[in-house]
Amino acid sequence: MKYDPKKIEKHWQKEWAKQKLYETPDTAKGKSNYMLLTEFPYPSGNLHIGHWYAFALPDIRARYLRMKGYNVLYPIGFDAFGLPAENAAIEREVNPRDWTEDNIKYMTKQLASMGASFDWSREVRTIDPDYYRWTQWMFVKMFEKGLAYRAKTKVNWCPRDKTVLANEQAGGGVCDRCGTQVEQREIEQWMFKITAYADRLIDDMENLDWPETTKLAQRNWIGRSEGARIKFKLQTSSRKPQAEYVEVFTTRADTLYGATFVVISPELAQQWIDVGWKADDEVWSYITTSLNRTELDRQTEGKEKTGVFTGIYAINPINDEKIPVWVADYVLGHYGTGAIMAVPAHDERDKEFAKKFKLPISKAALRDANEVIIDLKKKDAGNHEKIYHLHDWILSRQRYWGVPIPMIRCDDCGYVPVSEDDLPVKLPKLDDYLPADDGRSPLAKATSWVKATCPKCDKPAERETDTMDTFVDSSWYYLRYTDPNNGKEFAGKERMRLWMPVPIYVGGAEHNTMHLLYSRFFTKALYDLGYVEFDEPFIGRRNHGIVLGPDGQKMSKSRGNVVDPDAEVERYGADTVRMFLAFMAPYEQGGPWDPKGISGASRFLQRVWNIGQGDFKKSSSATKVIHRAVKNVGEDIMGLRFNTAVSELMKALNDGEENMSRENFEMFLKVLAPMAPHITEELWHQLSHKDSIHIQPWPEYDEALLVEKEVTLPVQVNGKVRDTIVVPADAPDSEIQERALKAEGVMRHMSEKKPKKVIIIPGKMVSIVV
RNA sequence: GCCCCCGUGGUGGAAUUGGCAGACACGUAUGCUUCAGGAGCAUAUGGCCGCAAGGCUGUACAGGUUCAAGUCCUGUCGGGGGCACCA
């Protein structure tokens with residue numbers, strides 16, 4: 001028979017589906033339960049080679065674990081709400097729902113072509129009302145606990161997508177969906193109080209098996225600083241604000257003696273004006289212009305500092321020195337107290353400012369920070385404090401394609417949550433779902449939907465028309481996988497006990513700060529509310545790399561370097577594509593797709609097929625190399641070292657091909673099965689087996705076979721290898737030394753000299769110093 | 001500016017964590033095979049010297065520690081990433 005991947009792959013995919021081979025029972029079966037999680041795709045419309053990298057490779061590990069006796073859940077779903085879908089739909093003039101659902105259908109078909117062992121019976125879609133009912137329910141629970149609240153804030157507004165963006169989604173001042181420069185707007189928004197969890201989000205990472213880079217990214221993002229809050233008394237003057245003190249935050253309380261002036265942010269100055277400060281015209285105009293500038297302006301307009309003296313003086317509590325108070329926009333309103341003590345001797349920015357405005361730069365006499373804080377405490381002028389870069393999570397979006405926020409606004413009662421029985425608040429079907437420029441969600445146009453009665457007082461009221469950020473949807477989907485059809489709870493506790501927390505979560509490094517942080521926050525909030533029994537969702541995390549185009553650049557249509565997985569499957573078969581993706585680079589690194597390189601994987605599988613078609617040998621000389629493969633391939637798969645796992649298989653084939661017994665070959669097939677599930681299943685059945693190779697136990701290797709009876713030891717003379725000797729593995733040092741000194745290459749280089757020292761590292765090498 | 005990671009053949013990458021650098025593969029060369037090949041097989045393949053045996057050299061660069069360094073330490077250069085007027 002000829003190897004025809006197209007035929008056998010389709011055949012087995014159908015057969016596995018028919019047998020429900022990968023449907024995972026919710027029982028404690030086998031060694032233990034194990035959910036291998038990968039980020040669920042967004043239904044963009046076409047399976048990308050990146051999807052293969054993200055799903056087909058972890059599938060190798062899922063299959064391996066199953067063969068090792070674990071009850072493995074490898075779930076899949078679609079993160080189907082969101083701006084990209086909506087934008088694409090608008091572009092094509094179709095309804096986002098139709099566009100999304102069509103894409104899901106198509107991608108589901110494509111996903112099947114990978115031969116991945118997903119349990120499709122647990123598919124989760126965030127756009128399904130049975131799913132987002134619980135997204136809404138969680139919002140309500142968090143609202144009730146004060147973890148979701150409404151506040152007016154300066155927000156990132158994308159003028160193109162016409163919606164608010166979280167800080168995380170407006171990195172560098174551009175919308176991460178469409179690349180447009182964001183503007184600052186003051187809007188009342190729904191927020192999640194993620195800052196209340198800042199300390200736990202940092203401290204609880206300690207015991208997680210996550211990449212250090214990810215932990216670091218989260219730590220940086222949360223940005224905890226420990227320091228002191230210090231009160232400077234404002235000196236009496238006719239124009240002083242109502243405030244008696246200005247409070248500053250510093251991480252350098254030890255430099256307090258060197259403070260030569262205080263700088264407040266324009267935002268704080270504004271507040272002072274609000275409480276009756278009569279600033280003069282120059283100050284007034286500085287504040288107004290600064291506040292009208294966007295955050296982006298303030299940050300990108302070079303390092304040239306601007307500012308103006310307020311006319312007010314403050315008293316340094318440590319030495320009663322009288323120092324001037326300035327306003328300057330290099331001090332940020334939203335960080336710390338919105339005011340700083342300037343120590344030009346120790347801070348570059350303060351020095352720059354002092355130089356420009358000819359303020360004194362005294363040499364600071366340093367004192368122990370703790371002592372300073374103790375002193376301040378005595379005077380009631382300051383204490384120890386921690387602050388964070390992290391902001392609360394703005395979750396409202398003025399867009400159509402998302403989960404409606406389940407709140408009702410009543411003129412008398414304010415915002416009241418929709419009662420639990422009335423969930424889900426279904427997203428109404430709208431013909432006109434285009435975003436509006438007035439900052440109101442398209443849902444505002446669904447007038448009959450908007451009308452509601454207040455759950456508290458029964459008076460006519462209005463629904464909230466904003467929808468939720470998609471990151472809310474994806475912050476708890478892993479919980480739903482454990483119990484996807486539960487109509488009474490988001491997931492039953494028993495079910496979660498079986499599968500949670502997730503032992504390993506594989507995904508892209510781009511989620512280091514957002515998705516992973518949000519999911520941890522959700523889990524912790526649910527834990528505090530008593531709905532889950534663990535406060536970290538993902539014990540292990542691994543990032544995978546990115547497959548680049550053959551030119552080494554990120555794949556993109558405009559560059560024309562996109563590798564189409566369907567075309568590769570058509571030409572080589574899914575098994576070959578899987579093998580090559582596994583082989584081409586370390587998984588956590590990724591790299592360029594080499595169109596020629598894939599032929600290596602193709603040749604390998606062809607050779608495997610050929611052995612299956614021939615006669616087996618009686619010889620057992622391949623046994624040793626196969627056993628070595630069993631050991632090494634298993635270990636490599638566990639460590640996600642797929643590239644070296646493939647090379648182990650290739651080595652085993654190279655060494656054992658000529659002398660393969662039937663027994664050896666079957667063992668080899670089992671070890672290859674997780675990577676190339678179709679060809680191995682076909683060959684397995686050609687060997688007259690009736691059940692699937694994928695439910696066979698992973699072979700045991702014989703440790704004794706792997707121990708070499710003889711070892712080849714390199715012998716160094718003065719640090720250079722001059723010869724090798726072959727000795728029994730258990731030879732005593734004396735024998736090794738004797739043999740080493742007699743080796744031809746060694747004698748030649750010792751030229752009659754006596755050895756000064758002979759170092760023998762058992763099983764490794766011999767080193768002779770002359 | 002601060003923090004983190006990485007520099008190994010023509011290419012992707014191995015290297016049991018301090019113990020024979022270049023496994024495995026791509027590519028290339030030569031030969032065989034085939035009507036043909038974007039096919040298959042065999043051999044070779046870091047560089048330099050040599051017919052060969054063998055020798056020298058070699059993991060960005062310069063030092064250092066060690067019997068032994070791709071691996072550890074110091075400095076330099078180059079590349080990538082994160083945070084960024086964050087007090």
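Here is the naming used below: chain letters follow the sequence lines, and residue numbers restart at 1 for every chain.
- For A/E352 and B/rG1, the CD to P distance is 13 Å, given to the nearest whole Å.
- Nucleotide B/rU59 has no partner under the Watson-Crick or G-U criteria, as no pair reaches both atom distances under 3.5 Å.
- Taking the charged nitrogens against the carboxylate oxygens, A/E39 and A/R541 do have a contact shorter than 4.0 Å, which makes a salt bridge.
- For B/rC67, its base never sits under 3.5 Å from the side chain of A/K756 at any donor and acceptor pair.
- Base pairing analysis places B/rC32 opposite B/rG40; the two distances defining the Watson-Crick or G-U wobble pair are each below 3.5 Å.
- In this structure, A/M765 reaches the bases: a heavy-atom distance under 4.0 Å links it to at least one base atom across the strands shown.
- Look at A/Y335 and you'll find a side-chain N or O under 4.0 angstrom from OP1 or OP2 of B/rA87.
- Atoms CZ (A/R641) and P (B/rU16) sit 10 Å apart, rounded to a whole Å.
- In this structure, CG of A/N610 is placed 16 Å from P of B/rA39, rounded to the nearest angstrom.
- Salt bridge annotation for A/K305-A/D350: absent, with no cationic side-chain nitrogen under 4.0 angstrom from a carboxylate oxygen.
- The pair A/D551-A/R559 does not count as a salt bridge, with every side-chain nitrogen at least 4.0 angstrom from each carboxylate oxygen.
- Across all strands shown, B/rC83 forms a Watson-Crick or G-U wobble pair with B/rG1, both key distances being under 3.5 Å.
- Proximity of A/R603 to the phosphate of B/rG40: a side-chain N or O atom is located under 4.0 Å from OP1 or OP2.
- Cation-pi contact between A/K231 and A/Y245: present, with separation from the ring centre below 6.0 Å and deviation from the ring axis of at most 45°.
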What is the per-nucleotide protein-contact pattern of nucleotides 46-52 of chain B, from the 5' end, where B denotes a base atom under 4.0 Å from a protein heavy atom, S denotes such proximity for sugar-phosphate atoms only, and - denotes neither? -------
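- Ionic pairing of A/R252 and A/D254 is present here: one or more N-O contacts between side-chain nitrogen and carboxylate oxygen are shorter than 4.0 angstrom.
- Residue A/D350 is classed as having no contact, given no heavy-atom separation below 4.0 Å to the nucleic acid.
- Salt bridge A/E708/A/K624: present, at least one basic N to carboxylate O contact under 4.0 Å.
- Counting only N and O atoms by type, the side chains of A/R641 and A/Y587 include no donor and acceptor under 3.5 Å apart.
- Glycosidic conformation, B/rU8: anti, with the torsion outside 90° of 0.
- Nucleic acid contact class of A/L216 (heavy atoms, under 4.0 Å, all strands): sugar-phosphate only.
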Atom pairs, protein N/O to nucleotides 54-59 of chain B N/O, distance under 3.5 Å:
from	atom 1	to	atom 2	distance (Å)
B/rG55	OP1	A/R748	NH2	3.4
B/rC56	OP1	A/R722	NH1	3.4
B/rC56	OP1	A/R722	NH2	3.3
B/rC56	OP2	A/R722	NH1	3.1
B/rU57	OP2	A/K720	NZ	3.0

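- Computed from coordinates, the A/K305 NZ to B/rA87 P distance equals 14 Å when rounded to whole Å.
- B/rC20 is unpaired under the criterion used here, namely a Watson-Crick or G-U wobble arrangement in which both key atom distances are under 3.5 Å.
- Rounded to an integer number of Å, the gap from A/E658 CD to B/rC41 P is 11 Å.
- A salt bridge between A/K355 and A/E352 is absent, with no side-chain N of the basic residue lying under 4.0 Å from a carboxylate O of the acidic one.
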Restricting to nitrogen or oxygen on both sides, can you table the protein-nucleotides 12-14 of chain B pairs closer than 3.5 Å?
from	atom 1	to	atom 2	distance (Å)
B/rG12	O2'	A/M584	O	2.5
B/rG13	OP1	A/Q589	NE2	2.3
B/rA14	OP1	A/N643	ND2	3.0

